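Before any comments, here is the structure.
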Amino acid sequence: MKLKGVYIAFFAIISGFLAGCELLVLDPKGPQADKLANVIWISIITMIVVTIVVLVMLTIILFKYRASKQDPDYKPPHIEGNKYVEIIIVGVPILIVAFLSVVSVISVHQVETAPEGYETDEPLVIYASSSNWKWHFSYPEQDIETVNYVFIPTNQNVEFRLYSHGTISSFWIPQLAGQKYAMSDMTNYLNIVAEEPGEYFGRNANFNGEGFAENEFNVTALPADEFDSWIEDIQNTAEPLTEEKFEELLEPGHLGHMTFTGTHQDFMPAPEGENSPHNHGKSDSEDDSGHPH
Amino acid sequence: MDFSDRFSIPPHDDPMLYASIVAIVLTSIAIVVGVTYFKKWGYLWNNWLTTVDHKRIGIMYIISALLMLFRGGADAVMMRLQTAVPDNTFLDAQHYNEVFTTHGVVMIFFMAMAFIIGMMNFVVPLQIGARDVAFPRLNALSFWLYFTGAMLLNLSFVVGGSPDAGWTNYYPMAGPEFSQHVGVNYYNWALQISGIGTLMTGINFIATIIKMRAPGMKLMKMPIFIWAALITNLMIVLAFPVLTIALLMGTLDRQFLTNFFTTSDGGMDMMWANLFWVWGHPEVYILIIPAFGIYSTIIAAFSERNLYGYTSMVASILAISALSFLVWVHHFFTMGQGALTNSIFSITTMLIAVPTGIKIFNWLLTMWKGKIRFATPMLYSIAFIPLFTIGGSTGVMLGMASADYQYHNTLFLVAHFHNVIIPGVVFAMIAGLIFYWPKMFGFMLNERIGKWAFWNITIGFCLAFFPMYFTGLNGQARRMYTYSEATGFSTLSMISFIGTLLLAVGFVFLVYNIFYSYRHAPRNIGGDPWNARTLEWATHSPVPEYNFAISPTVHSEEAFWDYKENDYELFKGKVEDIHMPNNSGWSIIFAGFFFAFGFFFIFHVWVGVIIAFLGIIGCLIYRSFEKDDGHHIHKEEIEATEKELGGAK
Ligand code: HEM
Ligand SMILES: [Cu+2]
């Protein structure tokens, strides 16, 4: 049968690829991305089993019941359905979905909070805000700001606070964690830990206009002491960020890597807490401050 | 931007645009000259443009859908050509953005929707043994409003500029601050106008199916496609008003500077995403449920078996349609609504796999103990089963909220939805078209050429889309007009481009087959060339205007099969005068005013808007006072026709 050959070839190719390639998402360098890679593998394997079962059933049926193989007088029977068969075809999918739901619910709670082993640490806070088509990283504690690149210490929980100066963008470092949106009227929180020093690729994944394709940034993870000396370096050498300068940076376009002392949080704070545009007074400000750490 | 800039023809200085303008003008002239030369204006006007016959309206929908398939297909080839090699400069970013936006809009609204509505138009009245839909004039208006929307959107390519914010059109990117040219106005008005048509179709078909079934056809004796059509139209009526309102809010933001979705003054961009997907997820099921109905019909016919588990098939359609309104958040798990919300929507999303799984097993069990014939409609249906299983499986993977943080906005997602929409909806529509072709036109399409098309399309599909699962997992975001060599996407992208070309070749075979068969295929094929099971095969091919000389009486969901195999008497009674609705030019004129209204609104030409609006009101007033009692086809006339076609049916 032609069909069967084609299907077998597909599956050979697919499994070959999955086994052989180093796909970014399946090559995690931190606990959050690692968790997600595991979830992805669990679902891939489950779904491959499902697909193979369907394929095998289909192939057998096509072989056995094709007209060319049958007596020309054969009259297929009228079959309404069968209680037991129906219990199986409802029951099995329910079991599979139940299993995957448990995995999904547990893992989504895990990646929405600080990774295991880092819960008690005070996180390093970095504001990552997007403008067409750049990323601005403010380090409020260290009082510095970078554009289109970010340095983080390894083995330390970093809390990225995400928002946008305009269009919706999606902050994504595939080897460290999944995406989260950066929007103009709400701040989102993303916990990231890098467990290996190195350079990582980050980008905006959500289409936001003409400069979208190049809307990337660089992540460098360094051991804590090197990170500290990097900070010190910048505090000593970089120019201060003024409000006029920042307005200029917000103009649509592309910029290379840039470094400043001071952050734009001082004059243009993130939309969180009392600065949230949907904060209508004290009573409902709780929704905004009750974010997970 | 000043006024004349907005109007610019063409919107960019680009040889390709000039070329397409020339092509459009030449084609239009050729059509006008051709029709005049062959003296076909009268024929065109009397038999097609003014028709209220559900079969002809269905065929017009399908022809438009095929044209849009080629428009959208050309976009697709351009996109994959641009991304076939790294750092390509065939299209620049702005062009690429316009191309993928129109591709999505055209394919979903003007190709897929038109195809399923066309198919329902042709099949539903025949399959329930009726003479037409409940409101034939309204049906014609639905078509012309859809057509108006499609023309408006296509016009944007040459006048003013196409929308460029993606088919999802997220604000604030689509708002007045970030998108200043008229592209998104076109989006709003083209979808608004065709959406009104779709909503009217929904109401019309619900009424038709509820009120006009043949005697004896109780709800649980309706063929499965009728169930699919009923549920689909209920979903249309529930979902489309949300889109209508969202588009209206977008229009107000863009053209009257309100702040529904803006970043300032209390506007909320997240609101658009919610409204869009509250409509958008049901929409994808509006597309797939009729396709399921077609597959059920075809698989039963070519297995020579009744549909296995009819009751559970009906129940699963109901379950899918209900669940599909409860899952929209899965399109933005990454918006930051927290773990609890995401968990709930993750579970509802994956639950859809249960009724879908039931359907897959029922199709397999329908073939079991059958007598399977591999005609082209069946080939598409067979290929659908494993391919859709893969697409559904990746859907479940996307439905796992945590993992979706890694798939969202990547080519993995693009692979998923093409994997469900192409083998799901497009294959079904091609299979349905081949299956119903003899009913529509009285001759069959060539099987050999059909199989060439099938293999090209199927293999092309796999080559084009499976690589995207991998580049997606490798970090390739969707909607990027180019990428660098260093990313490592190039080999797989090239494979994908080759697959796209195979798909295109397959579609060329499909069209060639129509020309070939028109010239060479034998006529006089009888009413039932496939040995099928449902009522539409009990009348002649092509179907006479009145569908059935005598209304059939039904006692099961496969009344025609029982008539053939079990001596069931289908046509009780005798030929009588038949009352039919009159043709009318009103619908096309009405839609013409809508076209003007939309066009002037897009460009803020208020005088034009007012005049067109008065025209619309005038049409409504005229219609309210018009007396149109239809006409009768007399008994003698029917008997003569039936005799000529071969026996009373
Ligand atoms: C078992 C069934 C299915 C499940 C669990 C499922 C799940 C999903 C999920 C979770 C997404 C969002 C992913 C993201 O944006 O990150 C998605 C996207 C999509 N799905 Fe499905 N899906 C299923 C079947 C279908 C079917 C049958 C169709 C169409 C006929 C379809 C069409 C789409 C489309 C068009 C999108 C993407 C829209 C866009 O962002 O442009 N899906 N699906
Ligand atoms: Cu959805």
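It should be emphasised that the depicted structure is a prediction, and the values quoted were computed from it without experimental measurement. Proteins get letters first, then strands, A, B, ... in listed order; numbering begins at 1 in each.
Looking only at side-chain heavy atoms (C-beta outward), R203(A) and M480(B) come within less than 4.5 Å of each other. In this structure the side chain of N409(B) reaches within 4.5 angstrom of the side chain of Y181(A), judged on heavy atoms. Two residues are said to be in side-chain contact when any heavy atoms from C-beta on lie closer than 4.5 Å; K75(A) and E565(B) meet this criterion. Side-chain contact between Q179(A) and F333(B) is absent, with no heavy atoms from C-beta onward closer than 4.5 Å. Side chains of I61(A) and I372(B) form a contact here, defined as non-hydrogen atoms less than 4.5 Å apart. Taking 4.5 Å as the limit, some side-chain heavy atom of W172(A) sits within range of a side-chain heavy atom of T410(B). Side-chain contact check for E80(A) versus T311(B): every heavy-atom pair is 4.5 Å or farther apart. With a 4.5 Å cut-off on side-chain heavy atoms, I42(A) and M400(B) do not count as touching.
Counting heavy-atom pairs closer than 4.5 Å to chain B, the top residue among K180(A), Q70(A), Q110(A) is Q70(A). For the options Y308(B), Y96(B), F361(B), heavy-atom pairs under 4.5 Å to chain A are most numerous at Y308(B). Interface summary for chain A: among I344(B), I347(B), L364(B), D164(B), the most heavy-atom pairs under 4.5 angstrom belong to L364(B). Residue with the most contacts toward chain B among T46(A), I79(A), V111(A): I79(A) (heavy-atom pairs, distance under 4.5 Å). Put simply, of K369(B), M335(B), M270(B), the one with the most heavy-atom pairs under 4.5 Å next to chain A is K369(B). Among R478(B), M397(B), E304(B), Q406(B), the residue making the largest number of heavy-atom pairs under 4.5 Å with chain A is Q406(B). Chain A forms the most heavy-atom pairs under 4.5 Å with one residue out of G472(B), A401(B), G357(B), and that residue is A401(B). Residue with the most contacts toward chain A among F332(B), Y171(B), Y407(B), Y483(B): Y407(B) (heavy-atom pairs, distance under 4.5 Å).
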Stepwise side-chain hydrogen bond (donor to acceptor under 3.5 Å, both in side chains) test for S184(A) and T263(B): CA-CA 6 Å; S184(A) 66; T263(B) 57; 4.8 Å; no
Quick one: do S346(B) and S104(A) satisfy side-chain hydrogen bond (donor to acceptor under 3.5 Å, both in side chains)? Show the steps, please. CA-CA 7 Å; S346(B) 173; S104(A) 174; 2.7 Å; yes
From CA spacing to verdict: side-chain contact (heavy atoms from CB on, under 4.5 Å), F374(B), R66(A): CA-CA 8 Å; F374(B) 296 101; R66(A) 64 188 197 274; 3.6 Å; yes
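A pairwise comparison of heavy atoms in S303(B) and P76(A) identifies O-CG, 3.8 Å as the closest pair. Across every non-hydrogen atom of A403(B) and L36(A), the tightest pair is N-CD2, 4.1 Å. A pairwise comparison of heavy atoms in G209(A) and M173(B) identifies N-SD, 3.6 Å as the closest pair.
With a 4.5 angstrom heavy-atom cutoff, T471(B) does not touch chain A via any of its atoms. Residue contact with chain A, scored on non-hydrogen atoms closer than 4.5 Å, involves the backbone and the side chain of V354(B) alike. Only the side chain of F100(B) comes within less than 4.5 Å of a heavy atom of chain A; its backbone N, CA, C and O stay farther away. With a 4.5 angstrom heavy-atom cutoff, I358(B) touches chain A via backbone and side-chain atoms both.
Rounding to the nearest 0.5 angstrom, the gap separating the NE2 atom in H95(B) from the CD atom in E210(A) is 10.5 Å.
In this structure, the ring of F212(A) has its center no less than 6.0 angstrom from the ring center of Y481(B).
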